[in-house]
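Note sheet for the following structure.
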Amino acid sequence: MAALLIRNAALPDGRSGIDLLARDGRFEAVGPNLPAPEGVPQLDAQGWLFSPPFVDAHFHMDATLSYGLPRVNASGTLLEGIALWGELKPMLTQEAIVERALAYCDWAVAKGLLAIRSHVDVCDPRLLAVEALLQVKRRVAPYLDLQLVAFPQDGVLRAPGGMANLKRALDLGVDVVGGIPHFERTMAEGASSVRQLCELAAERGLRVDMHCDETDDPMSRHVESLAFETQRLGLQGRVTGSHLTSMHSMDNDYVSKLIPLMADAQLGVVANPLINITLQGRRDTYPKRRGMTRVPELMAAGITVAFGHDCVMDPWYSLGSADMLEVAAMGLHVGQLTSTTQMRGCFDAVTTEAARILGLEGYGLMPGCRADGVLLQARSPIEAIRLRAQRLAVVRGGRIVARSPSASAQLDLPGRPNAVDFTSKP
Ligand code: FE2
């Protein structure tokens, strides 16, 4: 197994001048001035920030990099995106999904993103995307943890055979139970889908992650059922509500009851800032709602909140590049998370908090943790967000799996320095 000694790194907790010794896939020692074992290669961090890898808590790998197939989303809306995905699905081949997903995982590794929870659409009875992503999961396992969610895009009760297909996907090895209660035919059907899917997860000992209340309708309150079922079935800490955009528009009085219920159920929350800010508020004139869920209030209540990328170059979103610092920066701005603690919280939302939502084993920089991480051209997590910092090196299991040159601009100005890299002074 690979061994590596990382010299002179800053860590996200504020320590600097730290060495990390990786051996047999784990960090063996972390501290200042570690003795150098013979024959172990060294990586000089030069005082830059070494962080545990980025984690994306919410993605759609079956759709990624399909932008323009079979046509572009002309209105840029969520509903046209869903319709467009419906047009694309019959044309998909397993090989094409695998190729696009593998290409995306290359981007992810280059950006220091080494764990992704991807929803996979289970409404196609062929389960083409499920089989493709299970294959991708096996193939990328040496360098990226891919966790799959059985996602009934067309509604587990609304789509013919929805529940049977979802169960078949779980039988094939999909890890997490998904759902989309706000897309079911009625509020009652939505609540019933939440109950049935949570019962299924409890029966099989699985985690739950539902697309929940991804709408501007303040009366879309399925997150309440999700919190209730989580408690009723003893699933605390294993259930996540993704999007929860309706919370943005809910009455404050109702939210003052809802957030403590969510905290009691230890519900995880994933906001998807890039997608929420582009897809929500589309029926508004002005003022136009931002649509992202109430991230500052949820964080303040002690709830685990992560940010997801959700989409990259697919029917819903034509941009993106697997850059979780771009996601964190957007979340910070949309949520006005500008205190020092909140800005730090935005970095955690794409690292430690996201890892907690996935239930990743051995995540972190403590001795005994998996020797995974990313060396960023920044002095601190906040600076990393400010700069969307360059990923100087990406480490997986104690092996360097990606490198990028440092980012700087050469200058030719009278009496001025000959280069800038936009970082603060050490
Ligand atoms: Fe999503």
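Counting starts at 1 for both ligands and their atoms, following the listed order. Predicted model, so just to flag it, every value in this text is computed and none were measured.
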Worksheet item: With distance as the sole test, does Arg168 use its side chain to make a donor-acceptor pair with the main-chain N or O of Pro125 at under 3.5 Å?
Response: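 Yes, because the side chain of Arg168 sits within donor-acceptor range (under 3.5 Å) of the backbone of Pro125.
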
Fill in: Candidate list Arg138, Arg370, Lys137, test salt bridge (Lys or Arg N to Asp or Glu O under 4.0 Å), partner Asp145, passing option
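Among the candidates, only Arg370 passes.
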
Worksheet item: What angle, in degrees and rounded to 10°, do you get at the Fe ion (ligand 1) when you join it to OD1 of Asp310 and to NE2 of His211?
Response: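 Value, to the nearest 10 degrees: 180°.
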
Item to complete: Taking ring pair (Phe, Tyr, Trp, His ring centres under 6.0 Å) as the test, write out the residues that go with His248, two or more places apart.
Response: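 For His248, no residue satisfies ring pair (Phe, Tyr, Trp, His ring centres under 6.0 Å) once neighbours in sequence are set aside.
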
Worksheet item: Do any of the N, O or S atoms of Cys311 sit under 2.8 Å from the Fe ion (ligand 1)?
Response: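 Looking at Cys311, which is the residue asked about, there is no N, O or S atom under 2.8 Å from the Fe ion (ligand 1).
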
Discussion item. Any N/O/S atom, side chain or main chain, of His119 closer to the Fe ion (ligand 1) than 2.8 Å?
Written reply: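 Checking the Fe ion (ligand 1) against His119, no N, O or S atom falls under 2.8 Å.
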
Discussion item. Using ring-ring contact (aromatic ring centres under 6.0 Å, His included), reason through His211 and His58 one step at a time and then give a plain yes or no.
Written reply: CA-CA 10 Å; His211 284 66; His58 188 113; 4.5 Å; yes

